[in-house]
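Worksheet for the structure shown next.
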Amino acid sequence: MNNRNLLLLLLPLLLFSCSSGKKALQKGNYYQAITQAVERLKSDPDNSKATTVVKEGYPIALEWSQEELDMALSSNQAFKWERAINIMHQVNRLSEQIRSTPAARKIITDPKTYTSELNMAYEKAAEERYQAGIHFLEQNTREAARTAFNHFQKAEQLIPGYKNAMQEMEAAKDMATYIVVVEAATVQTRTYQLSSEFFYKQVFEFLNNKYPERSFVNFYSPQQAEKFNIEHPDFIVQMEFYDFSIGNLVRNEKEEELNKRVKIETADTTRATYKTYKAKLKTFSDKVISGGRLNYRIVDFNTNGLLREKLIPGSFTWENRYAIYIGDKQALTEEQFALTKNKALPLPPQQDLFVEFTRPIYEKLTDDLNQFFRRYR
């Protein structure tokens with residue numbers, strides 16, 4: 001980084017540290033004014049402008065804070081005690097800045113600090129949130145339960161362990177959460193012995209990572225649903241592979257004559273000497289195409305209604321290329337010579353080909369599932 005760029009990055013910090021806060025005070029930005037003035041006094045304890053700002057501005061900042069507190073607490077605004085907490089914390093931060101700066105401490109010997117008032121405000125704010133949670137939870141709807149969860153969570157954040165907010169939050173979470181059972185992916189084929197367990201595990205892992213337990217959509221396998229006595233889920237996801245096929249091996253052969261004319265370095269620099277390398281190259285390509293389709297459905301368990309059904313195709317081409325040659329190695333390109341290092345390979349197992357053709361299906365399926373369920377999260 002050059003000096004010019006470094007200066008541009010540091011300029012805002014330098015301007016803030018060099019400011020006495022006078023302009024901010026004139027604009028009515030009391031907290032900013034006092035903060036800037038105190039910062040200036042840290043590096044320049046005898047700065048007259050900063051001293052004046054702290055001396056004149058701090059009482060005004062306290063007066064303004066008290067007015068804001070009075071207006072907030074006399075209003076009918078919801079969660080007004082949280083507004084009061086923010087104001088008290090602003091005053092306390094100014095107090096900490098002043099007490100940690102000797103020059104400022106000489107000017108304001110006893111800065112205002114809220115302690116018991118702040119504790120009371122936290123109690124009031126937590127109670128506001130708790131009662132709001134109770135109100136919404138009693139409505140006994142999913143949307144209201146989600147709102148209740150947020151209120152109980154806020155109460156717990158304000159005062160950890162407040163009443164039974166944690167238990168109420170869990171109750172609200174249970175009421176608000178959609179339960180989805182993801183059934184195993186079946187494979188309809190009489191020709192091949194195939195397992196889709198790997199595919200199911202990938203999909204199930206994706207859904208649980210995308211929608212963790214704290215979200216409002218939880219996914220269960222049939223075994224988990226039985227373990228946790230889930231008899232009435234909200235949705236069922238069903239998956240079925242069919243039309244899976246493996247094509248016959250197709251082998252292509254190509255034979256070509258290669259000639260390469262290469263300049264030879266000699267002691268005689270007055271004339272160019274060339275040598276021609278020759279070879280015969282035979283290239284083989286073994287190819288097998290496999291593919292199939294996945295049909296997946298999302299069913300409303302309570303109504304047995306079909307909410308979504310989609311057919312997702314997938315395919316995979318296995319190919320092995322190799323070559324043999326006779327003649328001069330120098331006649332071959334690097335790519336051609338690399339092919340001669342390859343050998344003919346046996347066909348991959350059917351299960352491996354099945355795994356490969358399901359990869360693009362997995363990408364499309366998980367994207368589609370996410371699009372459907374994210375509206376409930």
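For the single chain, residues carry numbers from 1 onward in sequence order.
- By the rule that hydrophobic residues join a cluster once side-chain heavy atoms approach within less than 4.5 Å of another member, Phe79 and Ile87 end up as members of separate clusters.
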**OP:** Could you walk me through whether Glu96 and Arg93 pass the salt bridge (charged side-chain N to carboxylate O under 4.0 Å, His left out) test, one step at a time?
**Re:** CA-CA 5 Å; Glu96 292 173 6; Arg93 282 193 292 271; over 6 Å; no

Subject >> Stepwise side-chain contact (heavy atoms from CB on, under 4.5 Å) check, Leu137 with Phe149 >> reply: CA-CA 8 Å; Leu137 191 58; Phe149 174 88; over 6 Å; no

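- Glu123 and Asn119 form no side-chain donor-acceptor contact under 3.5 Å, judged by distance and modelled atom types alone.
- Screening Tyr362, Tyr296, Phe354 for a ring-ring contact (aromatic ring centres under 6.0 Å, His included) involving Phe241 leaves a single residue, Phe354.
- Two residues are said to be in side-chain contact when any heavy atoms from C-beta on lie closer than 4.5 Å; Phe219 and Phe206 fail this criterion.
- Panel note: side chain Asn208, backbone Phe204; a donor-acceptor pair is recorded below 3.5 Å.
- With sequence neighbours excluded, the residues forming a side chain to side chain donor-acceptor pair (under 3.5 Å) with Arg297 are Gln238, listed by chain and number.
- Atom CZ of Arg321 is surrounded by 12 or fewer heavy atoms from other residues, nucleotides or ligands within 6.0 Å.
- Here OG1 of Thr51 is found 10.0 Å from NZ of Lys106. Values are rounded to the nearest 0.5 Å.
- Around CD of Glu319, the count of heavy atoms belonging to other residues, nucleotides or ligands within 6.0 Å exceeds 12.
- For the residue pair Ser65/Tyr30, the side-chain donor-acceptor check at 3.5 Å is not satisfied.
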Subject >> Candidate pair Phe136 and His151, rule side-chain contact (heavy atoms from CB on, under 4.5 Å), full reasoning >> reply: CA-CA 9 Å; Phe136 281 99; His151 287 309; 3.7 Å; yes

Subject >> Verdict with supporting geometry, Ser195 and Gln351, side chain to side chain donor-acceptor pair (under 3.5 Å) >> reply: CA-CA 7 Å; Ser195 171; Gln351 182 65 38; 5.1 Å; no

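- In the hydrophobic cluster analysis, where Ile, Leu, Val, Met, Phe, Trp and Tyr join through side-chain heavy atoms closer than 4.5 angstrom, Val237 is grouped together with Val187.
- A donor-acceptor pair shorter than 3.5 Å can be found between the side chains of Gln97 and Thr35.
- In the displayed structure, Asn248 atom CG is contacted under 6.0 Å by at most 12 heavy atoms of other residues, nucleotides or ligands.
- Formation of a donor-acceptor pair under 3.5 Å by the Ser196 side chain with backbone atoms of Phe199 is not found in this model.
- With respect to Lys124 and Glu128, no salt bridge is recorded, no charged nitrogen being found less than 4.0 Å from a carboxylate O.
- Few gaps surround NZ on Lys260; more than 12 heavy atoms of other groups in view lie less than 6.0 Å from it.
- Remark: side-chain polar atoms of Asn92 are paired, donor with acceptor, to backbone N or O of Tyr114 under 3.5 angstrom.
- Residues Val288 and Phe244 share a hydrophobic cluster, clusters being chains of Ile/Leu/Val/Met/Phe/Trp/Tyr side chains in contact below 4.5 Å.
- Relative to the six-membered ring of Phe284, Lys282 misses at least one condition, a distance below 6.0 Å or an angle of at most 45° to the axis.
- Taking 4.0 Å as the cut-off between side-chain N and carboxylate O, Lys173 and Glu170 do not count as a salt-bridged pair.
- Contact check for Leu258 versus Gln336: side-chain heavy atoms found under the 4.5 Å cut-off.
- Considering only heavy atoms from C-beta on, Ile98 comes within 4.5 Å of Tyr58 through its side chain.
- In this structure, Asn47 contributes its side chain and Ala50 its backbone to a donor-acceptor pair below 3.5 Å.
- Side-chain contact between Ile107 and Leu41 is present, with at least one heavy-atom pair separated by less than 4.5 Å.
- The backbone N or O of Asn370 lies less than 3.5 Å from a partner atom in the side chain of Tyr211, making a donor-acceptor pair.
- Hydrophobic clustering (side-chain heavy atoms under 4.5 Å, transitive across Ile, Leu, Val, Met, Phe, Trp, Tyr) groups Ile60 together with Val54.
- No donor-acceptor pair under 3.5 Å is formed between the side chain of Lys112 and the backbone N or O of Val91.
- Aromatic rings from Tyr178 and Phe373 are positioned such that their centres are separated by 6.0 Å or more.
- Salt-bridge annotation for Arg83 and Glu68: present, with a side-chain N of the basic residue lying under 4.0 Å from a carboxylate O of the acidic one.
- For Glu82 and Arg129, the salt-bridge test passes: some basic side-chain N is under 4.0 Å from an acidic carboxylate O.
- Side chain of Thr147 to main chain of Glu143: a donor-acceptor pair is present (N/O by atom type, distance under 3.5 Å, no hydrogens or angles).
- Distance CZ/Arg146 to OG1/Thr141: 11.0 Å, rounded to 0.5 Å.
- Summarising the geometry, atom CD1 belonging to Ile179 is positioned 10.5 Å from atom CZ belonging to Phe235; distances are rounded to the nearest 0.5 Å.
- Of the residues Glu156, Glu127, Lys154, Gln157, the one that meets the side chain to side chain donor-acceptor pair (under 3.5 Å) test with Tyr162 is Glu127.
- Shown here is Arg375, whose CZ atom has more than 12 heavy atoms of other residues, nucleotides or ligands within 6.0 Å.
- Atom CD1 of residue Ile246 and atom CD1 of residue Ile289 lie 12.5 Å apart, to the nearest 0.5 angstrom.
- Counting heavy atoms from C-beta on, the side chains of Phe216 and Arg377 never come closer than 4.5 Å.
- With contacts defined as side-chain heavy-atom distances shorter than 4.5 Å, the pair Arg105/Arg99 qualifies.
- More than 12 heavy atoms of other residues, nucleotides or ligands sit less than 6.0 Å from atom CG of Asn302.
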**OP:** Please step through side-chain contact (heavy atoms from CB on, under 4.5 Å) for the pair Leu332 and Tyr277, ending with a clear verdict.
**Re:** CA-CA 9 Å; Leu332 278 64; Tyr277 295 100; over 6 Å; no

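- At a threshold of 4.0 Å, the pair Lys275-Asp328 does not count as salt-bridged, since none of the basic side-chain nitrogens sits closer than that to a carboxylate oxygen.
- Side chains of Val217 and Val180 form a contact here, defined as non-hydrogen atoms less than 4.5 Å apart.
- Panel note: side chain Asn209, backbone Glu205; a donor-acceptor pair is recorded below 3.5 Å.
- One distance of note links CD of Glu255 with CD1 of Ile324; it measures 8.5 Å at 0.5 Å rounding.
- Other residues, nucleotides and ligands contribute more than 12 heavy atoms inside 6.0 Å of the CE atom of Met175.
- For the pair Arg359 and Phe316, the cation-pi test (distance below 6.0 Å, angle within 45°) is failed.
- Inter-residue side-chain proximity for Leu365 and Met239 is flagged as met; some heavy-atom pair is nearer than 4.5 Å.
- Other residues, nucleotides and ligands place more than 12 heavy atoms under 6.0 Å from the CD atom of Glu309.
- Side-chain atoms of Ser74 come within 3.5 Å of backbone atoms of Met71 as a donor-acceptor pair (strictly under, hydrogens ignored).
- Centroid-to-centroid, the aromatic rings of Tyr130 and Phe152 come within less than 6.0 Å.
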Original post:
Given the rule in the side-chain contact (heavy atoms from CB on, under 4.5 Å) test, do Phe198 and Thr358 qualify, once you have shown the distances and angles that lead to the verdict?
Top reply: CA-CA 10 Å; Phe198 76 97; Thr358 61; 3.3 Å; yes

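- Between the side chain of Ser221 and the backbone N or O of Gln224, at least one donor-acceptor pair lies under 3.5 Å.
- For the residue pair Asp70 and Gln66, a side-chain donor N or O sits within less than 3.5 Å of a side-chain acceptor on the partner.
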